[in-house]
Structures are given as structure tokens and as C-alpha cells.
Asker: 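Questions regarding the structure given below will be posed in turn.
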Protein chains: 2
Amino acid sequence: MSINVLLVEDDIDLAATVVDYLEIEDINCDHAANGVQGLSLIELNDYHVILLDLNLPRLDGLSVCQKVRESSNDTPILMLTARDSLKDKIAGFNVGTDDYLVKPFEIEELLIRVLALSKRRSGQVSTLQMGELVLQLKTHSATYANQAVKLTPITCKLLEKFMREASKPISRKDLIQTVWGEEQPDSNSLKVHIHHLRKQLEKVEAKLSIETETGFGFALREK
Amino acid sequence: MSINVLLVEDDIDLAATVVDYLEIEDINCDHAANGVQGLSLIELNDYHVILLDLNLPRLDGLSVCQKVRESSNDTPILMLTARDSLKDKIAGFNVGTDDYLVKPFEIEELLIRVLALSKRRSGQVSTLQMGELVLQLKTHSATYANQAVKLTPITCKLLEKFMREASKPISRKDLIQTVWGEEQPDSNSLKVHIHHLRKQLEKVEAKLSIETETGFGFALREK
DNA sequence: GTTCATTCTTAACCTTCACTTAACCAACAA
DNA sequence: TTGTTGGTTAAGTGAAGGTTAAGAATGAAC
């Protein structure tokens with residue numbers, strides 16, 4: 001299976017060079033010339049790696065990256081930047097960049113980074129399964145024994161975390177971290193969402209339930 | 001919680017510089033001067049990131065990396081290399097490197113890469129073991145011969161202390177200190193919790209028991 | 001812009017559970 | 001006997017967790 005990447009870059013000449021070079025290496029490379037177009041392509045397709053210029057018309061790279069992560073898409077992102085300041089790089093990593101490259105870069109350099117990043121998430125699965133419960137990551141939808149399980153963005157993130165840790169207890173702190181990241185709500189939001197998720201599992205009479213580990217957190221287990 | 005990294009590097013001057021700089025940033029940095037020593041430290045401790053020189057006495061960086069991955073340890077590894085050839089880098093990524101840096105590098109550069117890699121770190125498991133009893137620290141859960149042992153926050157702390165001291169007697173004072181810290185309860189709480197923990201060990205018919213050292217404290221021992 | 005639906009946060013209230021406490025036993029030594 | 005040390009049990013309390021509903025925020029449809 002060949003690698004599929006997206007390049008978001010407004011310099012048309014540079015873009016053409018990159019696209020051509022990657023094609024030679026049997027890497028398919030789509031191209032978007034601005035941030036907005038980039039985002040819609042990312043929503044539409046499933047890329048292995050996203051190459052993102054920092055300075056973009058319409059929507060800058062950092063914002064694009066932020067929006068991608070907000071939609072709980074964890075495709076590896078390689079930031080391309082003309083600047084070389086520590087501040088920019090740290091800002092990049094804070095919004096969820098995986099790596100960066102300072103322009104002008106050697107095209108071979110780009111190649112190995114793309115190869116490395118595409119491998120990193122190669123263990124990526126688009127569906128998670130536990131008994132009869134199936135979570136489709138791409139479409140944010142879940143089914144139990146072929147009945148739909150209704151998920152909101154937050155309950156979906158929770159369910160994903162639970163299924164990735166399969167039966168293991170997860171601390172409240174971890175759960176809050178995976179749902180909200182840094183900006184955490186002040187109050188008892190988590191327990192409300194856990195409650196919603198439990199309700200949905202009950203509704204389909206799932207043989208799975210979210211058990212409480214008092215004083216620690218929760219675990220999704222077979223009954 | 002501060003970051004804990006290991007630097008495997010034979011150039012003592014460089015090593016000292018790196019260690020000092022990282023300490024300033026509140027990152028604890030252990031140092032090994034050759035590959036063999038590096039490997040044993042990796043086995044012994046739980047690092048967030050490993051910084052690995054490519055040219056090392058006794059066992060080169062690539063081999064160290066390979067061995068680490070073979071022992072299914074997925075700590076992020078940052079390769080430090082004097083060479084800049086595409087071949088070396090690809091070789092690095094093939095044996096499981098996560099990133100690399102070409103010498104001479106800016107120390108700030110190293111810092112942001114360490115920060116980025118430490119974030120990426122996947123759920124490392126730290127477990128304590130004694131006979132068939134296994135305590136999973138991250139999930140606050142224990143099993144004996146694969147049966148779950150039910151733990152409350154306090155019995156979990158007690159069990160952790162007992163297993164860390166493996167068979168050694170621990171004074172009441174020590175136990176109370178590890179569970180409650182400064183604000184200690186007035187009464188006989190400790191013996192109640194010890195009792196609960198004993199009950200749980202009995203329930204799974206563990207070949208371990210908490211023995212009383214009269215006038216001193218307790219010890220967890222094989223029967 | 002307004003309206004509507006959906007989702008998230010917040011807060012109030014209720015329930016459950018772990019922890020503390022204290023009382024009572026058992027073993028043993030003085 | 002009595003005092004000391006440790007073990008067992010159970011009740012009460014407070015904190016942690018569960019439930020519900022109202023209102024704020026968001027975003028799509030018009």
C-alpha cells in the first residue's frame with residue numbers, strides 16, 4: 001500500500017517540486033494552496049502524513065493544525081517553516097505538530113521524515129473492537145451488535161480511550177486529559193459524560209459496562 | 001512530574017554540557033558512557049526519552065536501539081549522529097528510532113525535541129511483581145495468578161510499599177507515613193487496612209501473607 | 001440576523017462506598 | 001489477675017460518585 005500525503009503550501013513552485021519528487025518515490029501527494037482548502041481535503045481524505053506550511057493565506061499553519069487536532073484527527077503533521085525561532089517550534093509542538101523542517105530544506109530530508117512519520121502511526125487502526133462493540137474512528141460512529149450507538153464528540157473520545165486501553169482502569173486525570181487537554185472544565189463534566197455514555201450502552205443492552213474504580217477512575221469491561 | 005531522560009554518549013564534555021543544560025530546564029538526565037552501560041540503565045529505570053549517540057564504544061547506537069525495541073520497550077529514542085548521510089538516518093528509523101539530530105546541534109534544538117518526544121510517550125507500564133502477585137501502578141490494579149485483587153486507594157498504597165520493600169519488614173511509622181503523609185489519623189486505622197489487605201490476599205489464596213513483626217511492623221512474605 | 005437543534009457546562013440533590021472510629025476479642029507476659 | 005499488643009467487626013461520617021435539569025454555547029437552516 002503506497003503512502004498518501006497532503007502538502008499545504010502556497011509557494012506553487014516549491015509545491016510542484018515536492019509533489020514530483022515524492023511521486024518518484026511512489027508516495028502520492030495531494031496539494032492545497034491555502035489553509036481552508038487544506039482543511040477540507042483533510043476532512044475528506046485519509047492521509048498518512050500532512051505537510052503544513054506555517055505561513056499560509058486564509059488560515060495559517062498553526063490554526064490548521066489546531067483545528068485538525070480538535071476534530072480528534074491524529075494524523076502526523078510535519079510543519080514546514082521559514083522561521084527558525086525556538087518560540088515558533090514550541091508553539092508548533094503545543095498545538096500538536098509531530099515534527100518540523102526549516103526552509104530551505106533538502107528534499108531527501110523531507111523524504112525520510114515523511115517515511116518516519118508514516119511509520120509512526122502505521123499501527124493506526126480505523127476501527128476499534130471489543131466484543132460486539134465496534135467503534136469507527138473515521139466516522140465517529142459506533143455500533144453494538146449492529147445497532148447504532150449514539151455518540152457526541154465527547155462521549156466518542158471517552159469511548160475511544162476506553163477501547164484503546166481495553167478493560168484497563170483509566171484514571172480520572174487521564175480521561176480528563178484525553179477529552180479536554182489543557183483547558184479543563186472546573187466542575188463535574190466528566191461524570192455527566194460518563195453517565196451519558198453508560199446510558200447509550202444500556203440502550204443497546206451491551207454486555208459491556210463502565211465500572212467505577214472508586215478513588216481512581218473507570219474501566220470498560222465485559223459484564 | 002519532571003521528565004527523566006538517559007543520555008548515552010562517550011564524549012564526556014558533550015555529555016556534561018547536555019546534562020547541565022537539561023538540569024536547568026528541570027529535566028533529570030542520567031548518563032551512560034557506552035552502549036552496554038546504557039542498556040543496563042534502560043532495563044533498570046523508566047525513562048521518558050533516550051538520547052543515543054550513534055558511535056559508541058562496546059556496542060554501537062543502532063544495536064542498542066535494536067535491543068531496546070526487541071525487549072518491547074517503546075521509550076522514544078532520539079539518535080545523535082555526527083554523520084549526515086541519508087543511509088544512516090534510514091537505518092536509524094528502521095531499527096525503531098523516533099527522531100535524530102546531527103552533530104553539532106544547538107542545545108535548544110535538543111531541548112524542544114526532548115520535550116516533543118516526552119509528550120509522545122505511549123502508556124508505559126510500571127509493574128511490581130512478587131511471585132504470582134502483580135501490581136500495575138498506572139492502573140491501580142493487582143492480580144494474583146491472573147485473578148483480580150480488589151484494592152481501595154489505601155490498600156493499594158500499602159501493597160505498593162510492601163512490594164517495593166519485597167519481604168523486608170516495614171515499621172508501622174513508615175507505613176503510616178507512606179499512606180497518610182503528614183495528616184495522620186488518631187486511631188487504629190492502619191490495622192484495619194492491613195486486615196482488609198490480608199482478606200483480599202486470602203480470597204485469591206495467595207501464597208503470600210502479611211506477617212506481623214511484633215512491636216515493630218509488618219512484612220509481606222512468601223508462605 | 002433569527003430560529004432551531006444539539007451538545008456542553010454547571011449546579012443542586014441524592015446515593016453509595018471507603019475511611020475512621022471505637023468497642024470488643026485473643027494471645028501473651030508480668 | 002491486669003496490661004499490652006495485635007486482630008476483628010460494625011456503625012457513623014464525609015467524601016466520591018450518580019442523576020437530573022436548566023441554561024449557555026455552538027452551529028446549521030432559513
Side-chain angles (χ1 to χ4, degrees), chain A residues 36 39-40 43 66-67 70-72 139-142 148-160 162 169-203 209-221, chain B residues 140-142 149-162 169-203 209-221:
Chain A
V36 175
L39 263 184
S40 55
E43 271 172 36
Q66 209 155 16
K67 281 187 189 295
E70 273 168 14
S71 66
S72 55
T139 58
H140 289 192
S141 62
V149 177
K150 204 187 163 199
L151 295 176
T152 68
I154 286 184
T155 49
C156 183
K157 277 186 197 174
L158 283 174
L159 185 59
E160 181 182 341
F162 278 122
I170 308 168
S171 69
R172 292 194 122 68
K173 217 175 114 241
D174 267 19
L175 288 168
I176 289 172
Q177 179 68 33
T178 52
V179 174
W180 289 280
E182 298 311 317
E183 286 183 74
Q184 300 171 1
D186 328 334
S187 108
N188 57 353
S189 255
L190 179 66
K191 61 182 178 182
V192 174
H193 290 292
I194 292 275
H195 178 241
H196 289 327
L197 187 51
R198 278 177 168 151
K199 274 277 174 82
Q200 292 309 314
L201 291 176
E202 275 169 30
K203 209 182 235 170
S209 64
I210 297 173
E211 294 174 12
T212 309
E213 307 278 315
T214 311
F216 179 72
F218 303 89
L220 178 65
R221 294 215 186 87
Chain B
H140 282 208
S141 60
V149 177
K150 206 189 162 200
L151 296 175
T152 68
I154 286 185
T155 49
C156 183
K157 277 187 197 171
L158 283 174
L159 184 59
E160 180 182 342
K161 181 72 178 173
F162 278 122
I170 308 167
S171 71
R172 291 192 125 71
K173 213 173 120 247
D174 264 21
L175 288 168
I176 289 172
Q177 180 66 32
T178 50
V179 174
W180 290 279
E182 297 313 315
E183 286 183 75
Q184 300 172 1
D186 327 335
S187 117
N188 58 352
S189 254
L190 179 66
K191 61 180 179 183
V192 174
H193 290 292
I194 292 276
H195 178 241
H196 288 326
L197 187 50
R198 278 177 168 151
K199 273 277 176 80
Q200 291 309 313
L201 291 176
E202 275 168 30
K203 208 182 234 169
S209 63
I210 298 172
E211 295 174 9
T212 309
E213 307 279 315
T214 310
F216 178 72
F218 303 89
L220 178 66
R221 295 217 185 85

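In what follows, every chain begins at residue 1, and chains take the letters A, B, ... in the order their sequences are listed. Bear in mind that the values here come from a model prediction, so they are computed numbers and not experimental data.
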Asker: Could you state the CG-P distance from A:L197 to D:dG18, rounded to the nearest angstrom?
Answerer: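 Value for this atom pair: 12 Å.
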Asker: Think B:H193 has a side-chain N or O under 4.0 angstrom from the OP1 or OP2 of C:dT20?
Answerer: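 Affirmative; the distance criterion is met.
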Asker: Can you see if the side chain of A:H195 gets near the phosphate of D:dG18 - specifically, an N or O under 4.0 Å from OP1 or OP2?
Answerer: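 So the side chain of A:H195 is outside the cut-off, no N or O lying under 4.0 Å from OP1 or OP2 of D:dG18.
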Asker: Between B:T212 and D:dT5, is there a contact of a side-chain N or O with OP1 or OP2 at under 4.0 Å?
Answerer: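 Answer no for this pair, as no side-chain N or O of B:T212 is under 4.0 Å from OP1 or OP2.
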Asker: Between B:K150 and C:dA18, does any side-chain N or O lie under 4.0 Å from OP1 or OP2?
Answerer: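 For B:K150, the contact criterion (side-chain N or O under 4.0 Å from OP1 or OP2 of C:dA18) is met.
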Asker: What are the two closest non-hydrogen atoms of A:A142 and A:L151, and how far apart are they?
Answerer: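 Looking at all heavy atoms of both residues, the closest pair is CB-CD1, 3.7 Å.
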Asker: Hey, is the side chain of A:W180 poking within less than 4.0 Å of OP1 or OP2 on C:dC8, counting only N and O atoms?
Answerer: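 No.
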Asker: Considering only C:dC19, C:dC8, D:dT20, which nucleotide approaches the side chain of B:P153 most closely?
Answerer: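 Per side-chain heavy atoms of B:P153, the pick is C:dC19.
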Asker: Which atom pair, heavy atoms only, marks the closest approach of A:P169 to A:R221?
Answerer: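 Answer, listing the atom of A:P169 first, then A:R221: CG-NH2, 3.6 Å.
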Asker: With a cut-off of less than 4.0 Å, is there a side-chain N or O of A:R172 near OP1 or OP2 of D:dA16?
Answerer: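 So the side chain of A:R172 is outside the cut-off, no N or O lying under 4.0 Å from OP1 or OP2 of D:dA16.
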Asker: For residues B:H196 and B:T155, report the shortest heavy-atom separation together with the two atoms involved.
Answerer: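 Taking every non-hydrogen atom into account, CB-CG2, 4.1 Å.
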Asker: Send over the distance from A:K191 NZ to C:dA12 C1', rounded to a whole Å.
Answerer: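 Going from NZ in A:K191 over to C1' in C:dA12 covers 10 Å.
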Asker: Between A:S189 and C:dT9, does any side-chain N or O lie under 4.0 Å from OP1 or OP2?
Answerer: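 Answer yes for this pair, as a side-chain N or O of A:S189 is under 4.0 Å from OP1 or OP2.
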Asker: Expressed as a whole number of angstroms, how long is the span from A:R198:CZ to C:dT15:C1'?
Answerer: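 Value for this atom pair: 13 Å.
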Asker: Can you check the A:Q184 CD to C:dT10 P distance for me, whole Å?
Answerer: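 After rounding, the gap between these two atoms is 12 Å.
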Asker: Whole-Å distance between D:dG7 P and B:K199 NZ?
Answerer: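 Rounding to the nearest Å, NZ of B:K199 and P of D:dG7 are 13 Å apart.
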Asker: Return the value, rounded to whole Å, for the distance between atom CG of B:L190 and atom P of D:dT5.
Answerer: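 Answer to the nearest Å: 15 Å.
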Asker: So if I take every side-chain heavy atom of B:N188 and compare against C:dA12, D:dT8, C:dC19, which nucleotide ends up nearest?
Answerer: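 So the nucleotide nearest the side chain must be D:dT8.
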Asker: Could you report the tightest heavy-atom contact between A:F216 and A:I170, atom names first, then the distance?
Answerer: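 A:F216 and A:I170 have their closest heavy atoms at CE2-C, 3.8 Å.
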Asker: Of all the heavy-atom pairs spanning B:T212 and B:R198, show the shortest one and how long it is.
Answerer: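 Looking at all heavy atoms of both residues, the closest pair is OG1-NH2, 2.9 Å.
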Asker: Is A:K157 near enough to C:dC8 that one of its side-chain N or O atoms lies under 4.0 angstrom from OP1 or OP2?
Answerer: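 False: A:K157 side-chain N/O out of range (4.0 Å or more) of C:dC8 OP1/OP2.
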Asker: Within this structure, what is the CZ-to-C1' distance between A:F216 and C:dC19, rounded to whole angstrom?
Answerer: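 Taking CZ of A:F216 and C1' of C:dC19, I get 19 Å after rounding.
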Asker: Closer than 4.0 Å, any side-chain N/O of A:T214 to the OP1 or OP2 of C:dT16?
Answerer: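 Answer is no, no contact under 4.0 Å.
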Asker: So B:I194, base contact, sugar-phosphate only, or nothing? Heavy-atom distance under 4.0 Å.
Answerer: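 No contact.
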Asker: Using whole Å, what does the distance between atom P of nucleotide C:dT21 and atom CD1 of B:I154 come to?
Answerer: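 Distance check: B:I154 CD1 to C:dT21 P gives 11 Å.
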